[in-house]
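Right, one structure below, let's go through it.
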Amino acid sequence: MKLAVSILAAGLLAASTALYAQGSTTAPDKGSKSERHEKMKAAVTKARQACEGQQGQAHRDCMRKEMCAQSKDPKRCEEHFRERSEAFNKAYDACKGKNSGDEFRSCLREQRVHAKK
């Protein structure tokens with residue numbers, strides 16, 4: 001009986017190591033993290049140059065348009081920005097009455113967590 005258990009345990013151990021040795025079945029590599037980071041930095045730099053001289057809301061709108069124009073799916077990008085803006089405005093309105101900066105940031109954080117659920 002002990003021999004059978006030992007053989008079974010050894011077989012399971014050998015099988016489990018073979019499973020870990022298999023290659024990944026996830027999506028193909030989309031470039032290294034540093035490559036993606038460099039592409040994003042270049043896109044932000046290009047957008048900043050295009051929006052130079054604008055301030056406030058006009059600058060934010062220009063940056064959004066420039067960044068989305070450079071994306072693979074501009075329509076989806078615009079929708080994403082609109083949704084995030086609405087979520088922030090809702091959280092901001094809910095936290096307006098907070099006195100201190102720490103209270104306000106904490107409230108915004110809580111609102112963001114509740115919005116995700």
Side-chain angles (χ1 to χ4, degrees):
M1 180 69 175
K2 286 184 178 183
L3 181 63
V5 170
S6 298
I7 291 173
L8 180 62
L12 288 173
L13 181 64
S16 67
T17 57
L19 289 174
Y20 285 113
Q22 291 181 359
S24 175
T25 59
T26 59
D29 189 21
K30 296 180 182 178
S32 70
K33 188 175 183 179
S34 62
E35 288 174 5
R36 292 190 312 263
H37 181 73
E38 290 301 319
K39 285 181 183 179
M40 181 59 79
K41 278 177 60 174
V44 169
T45 302
K46 184 177 176 184
R48 280 190 182 140
Q49 289 172 349
C51 299
E52 196 173 334
Q54 297 181 8
Q55 294 180 345
Q57 187 63 40
H59 183 266
R60 285 189 291 276
D61 289 342
C62 179
M63 287 293 289
R64 175 182 45 80
K65 288 177 185 173
E66 288 294 322
M67 292 298 291
C68 286
Q70 297 176 47
S71 73
K72 291 179 183 177
D73 188 357
K75 185 177 178 182
R76 183 171 158 246
C77 178
E78 289 281 345
E79 179 68 21
H80 175 75
F81 269 99
R82 187 184 62 71
E83 288 173 2
R84 292 205 33 165
S85 178
E86 287 174 2
F88 175 79
N89 290 337
K90 184 179 176 183
Y92 183 85
D93 289 341
C95 298
K96 259 185 191 173
K98 303 297 179 186
N99 295 332
S100 74
D102 291 336
E103 261 186 285
F104 183 75
R105 283 189 293 277
S106 177
C107 179
L108 282 177
R109 214 173 291 120
E110 288 174 21
Q111 293 295 320
R112 193 171 57 224
V113 169
H114 291 306
K116 287 183 180 180
K117 290 183 180 180

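Bear in mind that the values here come from a model prediction, so they are computed numbers and not experimental data.
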- [ ] Measure across Val44 and Met63 and return the closest heavy-atom pair with its distance rounded to 0.1 Å.
- [x] O-CE, 4.3 Å
Open item on the list: Minimum heavy-atom separation for Glu66 and Ala47, please, with both atom names.
Closed with: CB-CB, 3.6 Å
Open item on the list: Let me check something: do Phe104 and Phe88 share a hydrophobic cluster, defined by ILVMFWY side-chain heavy atoms less than 4.5 Å apart, either directly or through other members?
Closed with: yes
- [ ] Answer yes or no: is there a side-chain heavy-atom contact under 4.5 Å between Met40 and Gln70?
- [x] no
TODO: Any chance you could measure Lys39, atom NZ, to Ser34, atom OG, to the nearest 0.5 Å?
DONE: 10.5 Å
Open item on the list: Strictly below 4.0 Å, N to O, side chains only: are Arg64 and Glu78 in salt-bridge contact?
Closed with: yes
Task: Rounded distance [0.5 Å steps], CD in Glu110 versus SG in Cys95 - done: 7.5 Å
Open item on the list: Has Ser106 got a side-chain atom pairing as donor or acceptor with Glu103's backbone, closer than 3.5 angstrom?
Closed with: no
TODO: State which residues pass side-chain hydrogen bond (donor to acceptor under 3.5 Å, both in side chains) with Gln54; sequence neighbours excluded, sorted by chain then number.
DONE: none
Open item on the list: Surrounding NE2 of His59 (heavy atoms of other residues, nucleotides or ligands, distance under 6.0 Å), is the total greater than 12?
Closed with: yes
Task: Interatomic spacing from CD in Gln111 to CG in Leu108 - rounded to 0.5 Å - done: 7.5 Å
Open item on the list: Do Ser85 and Phe81 make a side-chain contact, defined as non-hydrogen atoms from C-beta onward lying under 4.5 Å apart?
Closed with: no
- [ ] State the NZ-CD distance between Lys46 and Gln49, to the nearest 0.5 angstrom.
- [x] 9.5 Å
Task: Test side-chain contact (heavy atoms from CB on, under 4.5 Å) applied to Glu86 and Asn89, step by step - done: CA-CA 5 Å; Glu86 287 174 2; Asn89 290 337; 5.8 Å; no
Task: Within 6.0 Å of CZ in Arg82, more than 12 heavy atoms from elsewhere - done: yes
Task: Straight-line distance of Lys96 NZ to Cys107 SG, nearest 0.5 Å - done: 12.5 Å
- [ ] Taking atom CD of Gln57 as the centre, report whether more than 12 heavy atoms of other residues, nucleotides or ligands fall under 6.0 Å from it.
- [x] yes
- [ ] Check whether any side-chain heavy atom of Arg84 lies under 4.5 Å from a side-chain heavy atom of His80, and answer yes or no.
- [x] yes
Open item on the list: Within a 6.0 Å radius of atom CD on Glu83, are there more than 12 heavy atoms belonging to other residues, nucleotides or ligands?
Closed with: yes
- [ ] Report the distance from atom CZ of Arg76 to atom SG of Cys68, rounding to the nearest 0.5 Å.
- [x] 10.5 Å
